[in-house]
Amino acid sequence: MTATRAKAPADPARTRCYAAIHAGAKALGWDEELRRQVMAQRYGGKRSAKDLSDAELRDFARHIGDAQQAAGKKPPRRQPARAGKRALAPGQLAAKARALWLSLYHLGELADPSEAALDAWVQRQAGVASLRFADQETADRVIRGLRNWCTRCGFAQPDAGTVRLIDTTRQHAGLTDGGYGIASKVQLVAALRERLGQPWSNDTYRMSGADLDALIEQLGHRVKARAQR
């Protein structure tokens, strides 16, 4: 008779971090997909807390806490599910298209941020039923179309000079993340503030990625609420 291997006991420290991450994300109004996107950007593509090292897990729990503090510890509010029930299309190009689609949602340009709504738009524009079936040429065309839409809405994509400027400022502030993704979030915050009539500020140059995500959620909520008045 073969002995059954006992299940390893859960690590209490990791369990506490898991609880803090989920509770903090809920308080910020982040759905699962947004939480996974923030995690993947910060930890080299890792999208599950179980894949993080102990140090990364503690760091992510701290960042969630910092994002709550930056958001003023406001009470949680229900946010729409970003992806809906449809499986996400894989790959970097699909991720870029999805990020632009979510940016347009925050800007109040569309009401449905789901993957199904994005696929419906892709079918109208490119003639394929889903991003999952798009080849590189088609995906590039979709991304160009979404970028042009964003530009018309006042959300210009950062050029190389802007990325370098923001990266240099962040390095001087002791921040290690940067690149096009962070610069794009900074530009999106600027576009949202402009829609709300707020003055421009470069305070976002020194915000963590998690803080930028939290601020985008707040400003996007206000933009959409104003449009519904």
Side-chain angles (χ1 to χ4, degrees), residues 33-34 36-45 47 63 67 70 82 88-110 113 115 118 121-122 125-126 131 134-224 227:
E33 176 57 24
L34 179 57
R36 290 180 183 275
Q37 286 179 0
V38 173
M39 187 185 303
Q41 184 176 45
R42 186 167 182 82
Y43 304 109
R47 291 174 55 84
H63 270 277
R82 295 290 189 270
L88 298 179
Q92 187 176 11
L93 292 176
K96 287 181 180 180
R98 191 174 302 114
L100 291 165
W101 186 254
L102 292 179
S103 297
L104 288 163
Y105 168 71
H106 288 304
L107 287 162
E109 290 296 313
L110 50 92
E115 189 81 355
L118 173 56
W121 185 85
V122 169
Q125 298 296 316
L131 276 173
D135 57 22
Q136 181 166 347
E137 181 180 353
T138 302
D140 285 339
R141 188 162 71 251
V142 166
I143 289 170
R144 284 197 301 272
L146 290 170
R147 281 178 174 168
N148 288 339
W149 188 355
C150 286
T151 299
R152 291 194 298 272
C153 298
F155 171 35
Q157 300 301 294
D159 57 22
T162 300
V163 173
R164 284 195 299 272
L165 173 62
I166 293 173
D167 280 354
T168 299
T169 305
R170 294 176 71 78
Q171 289 165 9
H172 288 163
L175 296 170
T176 58
D177 57 347
Y180 181 86
I182 289 291
S184 184
K185 291 179 182 182
V186 169
Q187 296 283 86
L188 178 55
V189 169
L192 289 166
R193 283 175 166 171
E194 184 174 356
R195 289 209 163 194
L196 292 168
Q198 297 180 0
W200 180 86
S201 171
N202 68 351
D203 60 332
T204 49
Y205 288 17
R206 299 173 180 83
M207 284 186 177
S208 70
D211 290 347
L212 286 167
D213 287 327
L215 183 56
I216 288 168
E217 286 285 336
Q218 292 175 46
L219 295 175
H221 179 75
R222 292 175 61 186
V223 166
K224 293 190 287 291

Would you indicate whether the side-chain heavy atoms of [Y] and [X] approach each other to under 4.5 Å?
| X | Y | result |
| --- | --- | --- |
| V189 | I216 | yes |
| V223 | H106 | no |
| K185 | T204 | no |
| R206 | R170 | no |

Next on the checklist: Tell me if the CD atom of E194 is crowded by more than 12 foreign heavy atoms within 6.0 Å.
Outcome noted: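 For E194, atom CD is not crowded (no more than 12 foreign heavy atoms under 6.0 Å).
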For [X] and [Y], work out which heavy atoms get closest and say how close.
| X | Y | value |
| --- | --- | --- |
| W121 | V142 | CZ3-CG1, 3.9 Å |
| I182 | G209 | CD1-CA, 3.9 Å |
| G108 | K224 | CA-CG, 4.1 Å |

Any side-chain to backbone donor/acceptor pair from [X] onto [Y]? Under 3.5 Å, distance only.
| X | Y | result |
| --- | --- | --- |
| T168 | R164 | yes |
| D211 | M207 | no |
| R193 | Q198 | no |

Next on the checklist: With rounding to the nearest 0.5 angstrom, report the CZ to OG1 distance, R144 to T151.
Outcome noted: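 Separation between the atoms: 13.0 Å.
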Checklist entry - Do D135 and T138 get their side chains close enough for a donor-acceptor pair, meaning under 3.5 Å? => result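 Looking only at side-chain atoms, T138 and D135 do form a donor-acceptor pair, the distance falling under 3.5 Å.
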Checklist entry - Which of these passes side-chain contact (heavy atoms from CB on, under 4.5 Å) with L188: L212, L102, L219, L107? => result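 Filter result, single survivor: L107.
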Checklist entry - Using 4.0 Å as the upper bound for N to carboxylate O, is an ion pair formed by R195 and E109? => result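 Result for this pair is yes, salt bridge flagged.
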